[in-house]
Amino acid sequence: MIKKQNLWFLTLFSLILVLSVYYITMPNDLLVAQKAADNTDVEEQKENSGEEEVTIQESNNLTALRVSLEEERDATKTKLQATMTDENATIEEKNNAYEQLKYLSEVEGMEEKLEKIVKDNYKLDSFIKVDNNQIKVVAVAKNHDTALANNIMRTIQKEFDQKQTITVKFET
């Protein structure tokens, strides 16, 4: 039998969980309206102080690439997790699924690390996808310079022991 205290605890816990999920998935409209109000205040302060503010926005294409890659990986992770929890799956299948999940996690970490390196060294927003020994780099730059592309490839190659196939694509 469930005691009243346990029932209240479960009810409040589930309420907190639902509100947390709602907050995380809440539309950005509320936040955008608040930022717009803040921006008008900032613009008034700039007019008074005479200083310029520089803002950097990430390319919509980079965001789209990140979202599509994330959706693809989430689907793969879901399949692998289903394999791991499947009672009919063999131990070998479960181990392979675990190793693939571990590999995906390592790849995501490496991609973030490489993007940070490109950002720090070259002051460029970029999207990097690592797929086995192939690395695809999409960088936002006004100048589509082959020397810059070569430098980016060398910098990325330094992070690996084995030879990687690195492609760099620029977009404006």
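Hydrogens, waters and symmetry mates play no part in the numbers below; they use all other heavy atoms, side chains included.
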Verify the cluster assignment for [X] and [Y]: are they in a single hydrophobic cluster under the rule of side-chain heavy atoms below 4.5 Å apart?
X    : Y    : answer
Y103 : M110 : yes
I166 : V107 : yes
I128 : L104 : no

Does any part of the side chain of N61, heavy atoms only, come nearer than 4.5 Å to the side chain of V138, both counted from C-beta?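 V138 vs N61: side chains apart.
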
Is there a side-chain contact between V168 and L148 in this structure, where contact means two heavy atoms from C-beta onward sitting under 4.5 Å apart? no

What's the separation between atom [atom1] in [X] and atom [atom2] in [Y], rounded to the nearest 0.5 Å?
X    : Y    : atom1 : atom2 : answer
T155 : M153 : OG1   : CE    : 10.5 Å
R66  : E71  : CZ    : CD    : 14.5 Å
S126 : I117 : OG    : CD1   : 10.0 Å
L15  : L10  : CG    : CG    : 12.5 Å
Q162 : N133 : CD    : CG    : 8.0 Å
N88  : E93  : CG    : CD    : 9.5 Å

Should the pair [X]-[Y] be classified as a salt bridge under the 4.0 Å nitrogen-to-oxygen rule?
X    : Y    : result
E171 : K142 : no
D125 : K119 : yes
E111 : K129 : no

Minimum heavy-atom distance between [X] and [Y], given as atom pair plus value:
X    : Y    : value
V130 : R73  : O-NH2, 3.7 Å
F170 : D145 : CE1-O, 3.5 Å
Q164 : N132 : OE1-O, 3.7 Å
E159 : L114 : CG-CD2, 3.8 Å
V140 : L124 : O-CD2, 3.2 Å
F127 : E115 : CA-OE2, 3.6 Å

For N151, side-chain contact (heavy atoms from CB on, under 4.5 Å) partners two or more places apart: Y122, R154

Under 6.0 Å from the [atom1] atom of [X], do we count more than 12 heavy atoms belonging to anything else shown?
X    : atom1 : value
K136 : NZ    : no
L17  : CG    : yes
Y98  : OH    : no
N143 : CG    : no

Please report the C-alpha distance between I135 and I156 in whole Å, then the side-chain angles of each, then the deciding distance to 0.1 Å, and finally whether the side chain to side chain contact (heavy atoms under 4.5 Å, CB included) criterion is met. CA-CA 9 Å; I135 300 172; I156 290 175; 3.9 Å; yes

Do side-chain atoms of S105 reach the backbone of L101 as a donor and acceptor pair under 3.5 angstrom?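 Checked: no pair found.
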
Listed by chain and number, what are the salt bridge (Lys or Arg N to Asp or Glu O under 4.0 Å) partners of E108, not counting sequence neighbours?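 Per chain and number, E108 pairs via salt bridge (Lys or Arg N to Asp or Glu O under 4.0 Å) with K77.
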
